[in-house]
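The block underneath contains the structure these notes are about, expressed in structure tokens.
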Amino acid sequence: MNDKYLTVTALTKYIKRKLDIDQHLQQIWLRGEISNFKHHSRGHMYMTIKDEQTRIQAVMFAGNNRYLKFTPESGMKVLIRGNVSVYEAAGQYQLYINAMEPDGIGALYLAYEQLKVKLEQQGYFSSAHKKRIPAYPKRIGVITSPTGAAVRDIITTIQRRYPLVEVVVIPVLVQGPEAASSIKRGIETANRMNFDTLIVGRGGGSIEELWSFNEEIVARAIYESRIPVISAVGHETDTTISDFVADLRAPTPTGAAELAVPSQAELRNNLQLLNRRLTREVNQLLDQETRRLNNALNSYAFRYPKELIRQKEQELDQQMEALERTLRLQVNDAAMVYQTVMRRLSVQHPKERIEEAEKRITELTIKNNRYMNQTVDYHRRELGNLLDKLSLVNPLEILKRGFALPYTADGQLLKSVTHIKEKEQLAVKLTDGTIHAQVLSVKETSNDGEKHGTILRGSDGKVRKNSRET
């Protein structure tokens, strides 16, 4: 019973074979709109083809899309030729596109407009990149078909107008699938040679015949050329991408030759005109200088040279005397200025200022020492007064008058009998030493002034009694 069930792979393969053998699905002509367009890095194009109600997935492999004259975009309406089959990995049917062109507009015209916008945005048409065409070239390269009428027109026109220039034809294909690559190589070859100007073009034809000059590789080759390029493609009404990129556009190949070289007839006429102008200017200058020479010959100096020399010698003597007189005055003035400066300098000489400063320093030093001595004496007297006051409250001075200071065993000054107990040790500080004793008894002083005493036992064991009235 399990033999009745198919695998997904088997079912998909069966459906694919059914679609592949259907003649109606192997040559499909389809009109639709592109959406979800994606150009894969490997060159394949993936998209969805749709109309108002339905859509189908589609793919155009790199081998088929490399010859497209335009770039597909989402939203573009197209006419498609292809076949329908199944993409087994996803289990879905899709359209495999073999050829495609815009619907309602020619593919070549659309490709032309797309490339024009692209290169214009990249600055290929900017006048800032245009190179100047040499006015008097020595060597011109012509990149065109060697057998067409255009090359004959260019060579004939150049030889007629300016036979001094050397014309070199670089033969290329100007029509067909390989024409664009051939023109590109021709421009690159010319740039490795010593040319002043390049003429790139061909004679007239249909848009298909002129299409190689609308290819991006040709436009880039013209843009990157270090040699100025004149574009000469077709008739005056024909306009190609090369015309926009080139440094100069000519309406026809003959017009390119006329723009590339000057006319020898015009040059000859200009030369004759300049010759007449130069002759007239030279004659005027010669007449002017002749009049100046005649005036000089008729002057007093040429007629009486000896008198002129004597006169000039006398003028020279007068000038020498005036010069000597002026020098003496200047020397005298300088001497007076020098003496005045020396007098002012002697008055303001630094030596006198230094002596005055030293005298001032000596006076200030004497005053300072006198002030310091007075200050020291004053503070010495103040210090003596303070020492006298301090000696009055010095405990040692009090002890000299017969008083004693008792201290407890822990070194605390004993100020009251309440702070000592019997049999505790005492240290009695006298003016000439310390007595260590033991308390035999403690008796507080009464308010009625009765006698009381404290029995002290010395270190030798003898009993001493000290009493006083209160």
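What you see is a predicted model; the values in this text were computed from it and never measured.
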Is a side-chain donor-acceptor pair under 3.5 Å present for [Y] with [X]?
{"X": "Ser225", "Y": "Asn191", "result": "yes"}
{"X": "Tyr96", "Y": "Gln94", "result": "yes"}
{"X": "Thr252", "Y": "Thr254", "result": "no"}

So for atom [atom1], which belongs to [X], do other residues, nucleotides or ligands contribute more than 12 heavy atoms lying within a distance under 6.0 Å?
{"X": "Lys131", "atom1": "NZ", "answer": "yes"}
{"X": "Gln314", "atom1": "CD", "answer": "no"}
{"X": "Arg360", "atom1": "CZ", "answer": "no"}
{"X": "Lys38", "atom1": "NZ", "answer": "no"}
{"X": "Asn194", "atom1": "CG", "answer": "no"}
{"X": "Arg31", "atom1": "CZ", "answer": "no"}

Can you check whether [Y]'s main-chain N or O pairs, donor with acceptor, with [X]'s side chain at less than 3.5 Å?
{"X": "Ser182", "Y": "Glu178", "value": "no"}
{"X": "Asn83", "Y": "Leu95", "value": "no"}
{"X": "Asn368", "Y": "Leu364", "value": "no"}
{"X": "Thr12", "Y": "Gly91", "value": "no"}
{"X": "Asn65", "Y": "Phe61", "value": "yes"}
{"X": "Glu166", "Y": "Lys138", "value": "no"}
{"X": "Asn295", "Y": "Arg291", "value": "yes"}

Inset, instruction - List the steps and the verdict of side-chain contact (heavy atoms from CB on, under 4.5 Å) for Tyr162 and Leu267. - result: CA-CA 9 Å; Tyr162 195 66; Leu267 291 176; 3.8 Å; yes

Is any side-chain heavy atom of [X] less than 4.5 Å from a side-chain heavy atom of [Y]?
{"X": "Glu33", "Y": "Met76", "value": "no"}
{"X": "Val200", "Y": "Thr144", "value": "no"}
{"X": "Pro253", "Y": "Arg202", "value": "no"}
{"X": "Ile140", "Y": "Leu198", "value": "no"}
{"X": "Leu30", "Y": "Ile49", "value": "yes"}
{"X": "Pro171", "Y": "Ser145", "value": "no"}
{"X": "Met100", "Y": "Ile97", "value": "yes"}
{"X": "Asn36", "Y": "Ser74", "value": "no"}

Between [X] and [Y], which heavy-atom pair has the shortest distance, and what is it?
{"X": "Phe125", "Y": "Lys130", "value": "O-CE, 3.8 Å"}
{"X": "Ser85", "Y": "Leu19", "value": "C-CD1, 4.3 Å"}
{"X": "Ala250", "Y": "Gly255", "value": "CB-C, 3.8 Å"}
{"X": "Ala190", "Y": "Ile170", "value": "CB-CD1, 3.5 Å"}
{"X": "Val229", "Y": "Asp247", "value": "N-OD2, 2.9 Å"}
{"X": "Val165", "Y": "Arg139", "value": "CG2-N, 3.7 Å"}

Legend entry - salt bridge (charged side-chain N to carboxylate O under 4.0 Å, His left out) contacts touching residues 272-282 (sequence neighbours left out): none

Does a side-chain N-to-carboxylate-O contact under 4.0 Å join [X] and [Y]?
{"X": "Glu356", "Y": "Lys359", "value": "no"}
{"X": "Glu224", "Y": "Arg220", "value": "no"}
{"X": "Lys184", "Y": "Glu215", "value": "no"}
{"X": "Arg17", "Y": "Asp20", "value": "no"}
{"X": "Glu258", "Y": "Arg161", "value": "no"}

Any chance you could measure [X], atom [atom1], to [Y], atom [atom2], to the nearest 0.5 Å?
{"X": "Asn369", "Y": "Tyr371", "atom1": "CG", "atom2": "OH", "value": "13.0 Å"}
{"X": "Ile230", "Y": "Ile227", "atom1": "CD1", "atom2": "CD1", "value": "12.0 Å"}
{"X": "Phe195", "Y": "Thr197", "atom1": "CZ", "atom2": "OG1", "value": "10.5 Å"}
{"X": "Gln175", "Y": "Leu173", "atom1": "CD", "atom2": "CG", "value": "10.0 Å"}
{"X": "Thr239", "Y": "Leu210", "atom1": "OG1", "atom2": "CG", "value": "10.5 Å"}
{"X": "Ser231", "Y": "Leu259", "atom1": "OG", "atom2": "CG", "value": "11.0 Å"}

Inset, instruction - Could you tell me how the ring of Tyr46 sits relative to the ring of His40: parallel (under 30°), tilted (30 to 60°) or perpendicular (over 60°)? - result: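 If you compare the ring of Tyr46 with that of His40, the planes turn out perpendicular.
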
Legend entry - Stepwise side-chain contact (heavy atoms from CB on, under 4.5 Å) test for Glu101 and Val78: CA-CA 6 Å; Glu101 64 180 31; Val78 291; over 6 Å; no

Inset, instruction - Could you walk me through whether Glu120 and Val117 pass side-chain contact (heavy atoms from CB on, under 4.5 Å), step by step? - result: CA-CA 5 Å; Glu120 185 173 11; Val117 172; 5.5 Å; no

Inset, instruction - Step through it carefully: locate the ring centre of Tyr124, locate the ring centre of His129, and say whether they are under 6.0 Å apart. - result: no

Inset, instruction - Under the salt bridge (charged side-chain N to carboxylate O under 4.0 Å, His left out) rule, what do Glu289 and Arg292 come out as? Steps first, then yes or no, please. - result: CA-CA 5 Å; Glu289 295 302 322; Arg292 291 181 59 189; 3.4 Å; yes

Legend entry - Evaluation steps, side-chain contact (heavy atoms from CB on, under 4.5 Å), between Val151 and Ile154: CA-CA 5 Å; Val151 67; Ile154 292 174; 5.6 Å; no

Inset, instruction - Keeping to residues at least two apart or across chains, list the ring pair (Phe, Tyr, Trp, His ring centres under 6.0 Å) pairs with something in residues 6-39. - result: none

Inset, instruction - Could I get the full list of salt bridge (Lys or Arg N to Asp or Glu O under 4.0 Å) partners for Asp196, not counting sequence neighbours? - result: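 With neighbours one apart ignored, the set is empty.
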
